[in-house]
Amino acid sequence: MPDKCTVPEISRLTAEKRPAVRNAVLFVVALCLLLLTIQVSDGWRARKERLAEVAVATTNMSHALAAQAESAVRVVDTVLAGVVERVETDGMKGAGRPRLQLHLKNMVTEVDELHGLFVFGPDGHWLMTSQDRLPLYTVDDREYFQYHVRNPDRFVHVGKPVRSRSNGEWVLPVSRRLNNPDGTFGGVALGTIRIDYFSTLYKTFDVGSNGVIMLTLDDGTLVYRLPHNEKLIGTDISSGPVHQMYRSLGSAGTAMLRSKIDGIERLYSYRHLETYPLIVATAQSKHAILEKWLKSMLGQALITLVAIALLLYFGRRLVRQIVIRDHLEHELVQARELLQEHNRALTVLADHDGLTGIANRRRFEEALDVEFARTSRSGAPLSLLMFDVDYFKRYNDTYGHVAGDACLRQVAQALKDSLVRPADLAARYGGEEFVALLPDTDPAGARMVAERIRQAVMALAIPHAGNGAGIVTISAGVYTSSAATAADSATALVERADALLYQAKQSGRNQVCGGDLAAP
């Protein structure tokens, strides 16, 4: 039989080891997730840093472009202010006219921002120009002219871009109102800036592929857009993302927006000019901004994926080895349990009667020796009951051996069921003879148990034509030993119980004969 201490220890160690596969899988998965988390975290942080870096660059660029636009318009405005002062002070008649004409030509020559300088009368006719000839058409239909007719203020007005009627160029009109001495409308002084001037200026700035630079009026009228498309000049983009952002954020801002013109998502930065009603915006496409970051992240991601693949590969091999080892150990445990089960079966076969299932004579004799030795030490009584099925040979002859075997099994079960204490032992002694060993049982108790067994067998009501009672009955001999019978041996105890059994059979069967504590 296996060592009683070894089996629990193996079971305990097996229970502690069993989660190894789960722990190994969890470790590999956790490590893979950690690598992915680090990669995603670093990638997201690098992305935010890249966007923040470009946001600073576009903000600085929009600030620089706004300063240049402010400077260009201010130069034209300053020139216009001088022209207005001369016209209103000196007039345009007499000797002052040629000097003013020369002044207009010189200003256009010297100031790069200027496309032309013009003076119009209250009816829109040309009074003076920086050009060589005086056109015959009027400008009373132009937006800037109508503005000054309606508004008496003396502030500079930046009008909507128009195409010059003299040479067909797109220009941005910057104008001031002229007043008569009595304050009534006296005409308009106009300075124009070529749209190409902004094109030449903005092309020097690098906004990357699909980048944009825009100059618009406050009302959303597009003055210039890089990349240049002449068809877009003068269009209304007030519903576009830049002007929506301007209305919500104020004079400056930065945000990732999608263009309504071409649908490209860009990082926009805009700034409103400090003095004039113009907005400058610059933008870089999100794709161009993140292209370098994306290439870097793809390289790092590839390295991470290779590391994860290697980790999964070796982790799988490790887990597989653990599974194989556990499987082998499980098979060994099953083999050990099967062997133990076989050992238990052999033990049962060795200690139990094959026909009736109760203890056999070998087991009875082992128990008798142990209990007799114990009662010799302690002085406690030990009772032995021996039973015999009455006229069993006749039963076999009448009903056959199969029925005889069934009868013995029923008698053995009745015997076993009648013993209520765990220490009591029922056994088949041989043939139709049975014994019951009752430790710590005095003669009265032993006779009571024997009588209970006899009654239980009769209650089975097994038909027996060869018996006078008509059913199967038993005879019993009961003997009790203690320290007072020190001369007794285990063998003598059996002999005296057997003698009492013989006496019961001689006295007519189906009865119990008992002995005293004293030696016979």
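None of these values were measured; they are calculated from a predicted model.
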State the [atom1]-[atom2] distance between [X] and [Y], to the nearest 0.5 angstrom.
X	Y	atom1	atom2	answer
Asn60	Leu65	CG	CG	11.0 Å
Gln39	Thr304	CD	OG1	3.5 Å
Leu172	Leu278	CG	CG	6.5 Å
Asp140	His125	CG	NE2	8.0 Å
Tyr313	Arg317	OH	CZ	4.5 Å
Arg452	Leu415	CZ	CG	10.5 Å

Tell me if the [atom1] atom of [X] is crowded by more than 12 foreign heavy atoms within 6.0 Å.
X	atom1	answer
Phe205	CZ	yes
Tyr137	OH	yes
His63	NE2	no
Glu274	CD	no
Arg150	CZ	yes
Arg421	CZ	yes

If you define the side chain from C-beta out and look only at heavy atoms, does anything of [X] sit under 4.5 Å from [Y]?
X	Y	result
His148	His157	yes
Thr192	Phe118	yes
Leu117	Thr129	no
His115	Val108	no
Thr216	Val242	no
Leu51	Ile289	yes
Thr282	Val212	no
Leu222	Arg225	yes

Hey, does the side chain of [X] reach the backbone of [Y] with a donor-acceptor pair shorter than 3.5 angstrom?
X	Y	result
Thr200	Asp196	yes
Asn180	Asp182	no
Ser285	Ile264	no
Asp424	Leu419	no
Arg363	Ile358	no
Thr89	Glu85	yes
Ser418	Ala414	yes
Gln284	Leu267	no
Trp126	Arg133	no
Ser248	Gln244	yes

Shortest non-hydrogen separation from [X] to [Y] and the atoms involved:
X	Y	value
Ser175	Tyr144	OG-CB, 3.8 Å
Gly116	Ser130	CA-OG, 3.6 Å
Ala66	Leu273	O-CG, 3.8 Å
Ala72	Tyr197	CB-CE2, 3.9 Å
Pro161	Thr221	CD-CG2, 3.8 Å
Leu226	Lys203	CD1-CG, 4.2 Å

Is the closest basic N to carboxylate O distance between [X] and [Y] below 4.0 Å?
X	Y	result
Arg165	Asp141	yes
Glu143	Lys160	no
Asp77	Arg176	yes
Asp262	Arg258	no
Lys105	Glu110	no
Asp440	Arg374	yes
Arg362	Asp351	yes
Arg154	Glu88	yes

Original post:
Considering residues at least two apart in sequence or located in another chain, which fulfil the side-chain hydrogen bond (donor to acceptor under 3.5 Å, both in side chains) criterion with Ser199?
Top reply: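 With sequence neighbours excluded, Ser199 shows a side-chain hydrogen bond (donor to acceptor under 3.5 Å, both in side chains) to Tyr224, given in chain and number order.
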
**OP:** Scan residues 251-292 for pairs that pass ring pair (Phe, Tyr, Trp, His ring centres under 6.0 Å), counting only residues two or more places apart or in two chains.
**Re:**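 Only Tyr246-His272 qualify under ring pair (Phe, Tyr, Trp, His ring centres under 6.0 Å).
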
**OP:** Output, in order, the C-alpha distance, side-chain angles, deciding distance and verdict of side-chain contact (heavy atoms from CB on, under 4.5 Å) for Met245 and Leu257.
**Re:** CA-CA 9 Å; Met245 183 167 54; Leu257 305 168; 3.7 Å; yes

Subject >> Chi angles and distances behind the side-chain contact (heavy atoms from CB on, under 4.5 Å) call for Leu80, Val174 >> reply: CA-CA 8 Å; Leu80 279 179; Val174 181; 3.9 Å; yes

**OP:** Show the numbers, then the answer: is there a side-chain hydrogen bond (donor to acceptor under 3.5 Å, both in side chains) between Asn167 and Ser164?
**Re:** CA-CA 6 Å; Asn167 59 13; Ser164 173; 3.1 Å; yes

Subject >> Leu127/Phe120 under side-chain contact (heavy atoms from CB on, under 4.5 Å): CA gap, chis, key distance, verdict >> reply: CA-CA 5 Å; Leu127 301 180; Phe120 305 103; 5.7 Å; no

Subject >> Working for side-chain contact (heavy atoms from CB on, under 4.5 Å), residues Leu26 and Val29 >> reply: CA-CA 5 Å; Leu26 290 176; Val29 171; 5.7 Å; no

**OP:** Could you walk me through whether Thr275 and Glu70 pass side-chain hydrogen bond (donor to acceptor under 3.5 Å, both in side chains), step by step?
**Re:** CA-CA 7 Å; Thr275 307; Glu70 179 91 20; 2.7 Å; yes

**OP:** Determine, stepwise, if the pair Ser62 / Ser269 fulfils side-chain hydrogen bond (donor to acceptor under 3.5 Å, both in side chains).
**Re:** CA-CA 6 Å; Ser62 66; Ser269 289; 5.0 Å; no

